[in-house]
A.B. asks: 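Handing you a structure now.
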Amino acid sequence: MKYFDYAATTPPYPEVIQSMAEIMQKHFGNPSSLHQYGEEADRLVRHAKEVTAQILGVKPSEIIWTSGATESNNFALKGAAMRGGRTQGHIITTRIEHPSVYECCRQLEQIGFDVSYIDPASDGIVRVEDIQNALRPDTIIVSIMHVNNETGAVQPIQQLADWLKKVQPRTLIHVDGVQGFGKLPVNIAQWNIDLYSLSAHKLRGPKGTGLLYVKQGTELFPLLAGGGQENGYRSGTENVAGIVGMTKALRLASTEQSTLLERLLAWSEQLKIAIQSIEGLVLTNPSVSAPHIVHFSYPGMKSEVILHSLEQQGCIVSTQSACSSRKAEPSRVLLAMGIEREHAASGIRISLGDQHTKQDIEHLITALHQTVTQLRPLERRTH
């Protein structure tokens with residue numbers, strides 16, 4: 001089977017697996033303990049934070065370890081909204097965010113906060129002027145993703161941050177960076193953002209580990225009360241093996257980014273040309289897109305039917321984000337782009353990674369042709 005679902009999760013680097021196994025075997029101490037085993041574990045956590053901070057171009061004290069991007073996103077939004085005991089205020093986000101942002105905002109609405117959900121343009125990219133029009137004096141935070149996890153559309157992070165920090169510097173800006181890091185250039189300091197989320201398992205690291213960058217001076221209400229780990233921001237015994245594994249994955253991903261980018265661009269362009277040549281398929285083609293995500297629709301055919309047909313051809317792809325793919329509903333992201341429900345119910349995401357080869361791409365293109373040929377007689381019967 002050929003795996004083309006890297007946006008959902010990735011196979012860990014062998015070096016990551018080896019490092020984590022060694023940590024779990026030899027350095028299992030609690031980093032908060034005062035004895036030798038605890039001190040060894042604590043040194044590993046602090047060293048990982050120093051290396052990660054260097055990779056991201058930030059300060060070690062600005063890195064907060066979490067269980068993954070879902071926790072990081074919830075911590076950024078709820079922590080910002082509820083700081084100082086607040087129970088009301090205004091939040092801006094978009095309708096194309098990952099569920100861990102979108103559903104978090106819906107929760108905050110239920111307890112008294114106002115949320116403005118900004119629609120993207122038809123190309124899947126949010127326009128800065130629409131966020132400008134939504135800004136209010138009581139806007140606490142603006143949350144926007146770097147790369148959309150479904151369509152690959154790249155959002156105008158720097159343009160938005162430059163404007164926001166000039167007109168209303170006290171309003172925080174949070175970026176869900178999960179699908180961007182390792183594929184596109186990331187410069188947190190230059191972007192002038194306050195909060196930035198990452199997840200290890202999208203970068204060939206371990207599941208259950210992530211981080212939140214919290215700019216120095218930014219106050220957040222801690223979601224977890226307890227022993228006060230992570231500078232009081234995130235209580236709970238640190239996942240030492242996961243942290244070390246994530247740091248190694250970040251280092252490898254950042255080192256390989258420039259050479260990987262060239263290959264991903266070539267493969268995604270090859271796939272887009274092939275998709276456009278197949279009658280019945282409709283390419284989703286943002287004006288600015290990440291190199292590793294290719295999305296298309298097959299109107300008249302349910303996405304799960306296409307997915308399983310491709311699986312029979314030896315290719316693993318996905319429908320929506322992994323967190324939404326089991327819901328038998330049209331894609332919320334595609335509907336927000338103004339795409340018809342028939343198209344939005346037939347979307348397929350192909351996401352590429354560093355382990356793919358030219359032969360893998362050719363195999364996938366052949367499978368796409370065979371799948372459409374097999375399914376064409378069934379068009380519209382699946383609804």
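The chain is numbered in sequence order, starting from 1.
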A.B. asks: Would you tell me whether His201 and Thr10 have side-chain atoms, one donor and one acceptor, within less than 3.5 Å of each other?
C.D. replies: no
A.B. asks: Backbone N or O of Gly353 within a donor-acceptor pair of the Arg263 side chain at under 3.5 Å?
C.D. replies: no
A.B. asks: What pairs of residues pass the ring-ring contact (aromatic ring centres under 6.0 Å, His included) test when at least one of them lies in residues 343-363, not counting sequence neighbours?
C.D. replies: Phe4-His356, Tyr6-His356
A.B. asks: Could you verify whether a donor N or O on one side chain and an acceptor N or O on the other, from Lys272 and Ser289, lie under 3.5 Å apart?
C.D. replies: yes
A.B. asks: Would you kindly say whether Thr171 and Thr139 are connected by a side-chain donor-acceptor distance under 3.5 Å?
C.D. replies: no
A.B. asks: If you measure only the distance, is there a donor-acceptor pair under 3.5 Å linking the side chains of His98 and Asn148?
C.D. replies: no
A.B. asks: Classify the side-chain pair Gln179/His292 by whether it contains a donor and acceptor separated by less than 3.5 Å.
C.D. replies: yes
A.B. asks: Do Thr259 and Glu256 have side-chain atoms, one donor and one acceptor, less than 3.5 Å apart?
C.D. replies: no
A.B. asks: I'd like to know if the side chain of Ser309 pairs up with that of Gln312 as donor and acceptor (distance under 3.5 Å, no hydrogens or angles considered).
C.D. replies: no
A.B. asks: Take Asp162 and Lys166 through the salt bridge (Lys or Arg N to Asp or Glu O under 4.0 Å) test and state the conclusion after the steps.
C.D. replies: CA-CA 6 Å; Asp162 287 347; Lys166 285 179 184 175; over 6 Å; no
A.B. asks: Does a salt bridge link Glu71 with Arg234, judged by any charged N lying under 4.0 Å from a carboxylate O?
C.D. replies: yes
A.B. asks: What is the distance from atom CD1 of Ile91 to atom CG of Leu108, rounded to the nearest 0.5 Å?
C.D. replies: 4.5 Å
A.B. asks: Cluster question for you: counting only ILVMFWY and a side-chain heavy-atom cut-off of under 4.5 Å, with indirect links fine, are Ile188 and Val147 together?
C.D. replies: no
A.B. asks: Can Glu219 and Tyr233 be counted as having a side-chain donor-acceptor contact under 3.5 angstrom?
C.D. replies: no
A.B. asks: Between Phe221 and Arg83, is there a cation-pi geometry (under 6.0 Å to ring centre, at most 45° from the normal)?
C.D. replies: no
A.B. asks: Hydrophobic cluster membership, with links at side-chain heavy-atom distances under 4.5 Å among I/L/V/M/F/W/Y: are Ile243 and Val16 in one?
C.D. replies: no
A.B. asks: Does Gln25 have any side-chain hydrogen bond (donor to acceptor under 3.5 Å, both in side chains) partners at least two apart in sequence or in another chain, and if so, which?
C.D. replies: none
A.B. asks: Using 4.0 Å as the upper bound for N to carboxylate O, is an ion pair formed by Glu109 and Arg106?
C.D. replies: no
A.B. asks: Take the angle between the ring planes of Tyr37 and Phe28 and call it parallel below 30°, perpendicular above 60°, tilted in between.
C.D. replies: perpendicular
A.B. asks: Give a yes/no verdict on a cation-pi contact between Arg332 and Tyr102, requiring under 6.0 Å between NZ or CZ and the six-membered ring centre and an angle within 45° of the axis.
C.D. replies: yes
A.B. asks: Answer yes when Arg136 and Asp114 have at least one side-chain N-carboxylate O distance shorter than 4.0 Å, and no when they do not.
C.D. replies: yes
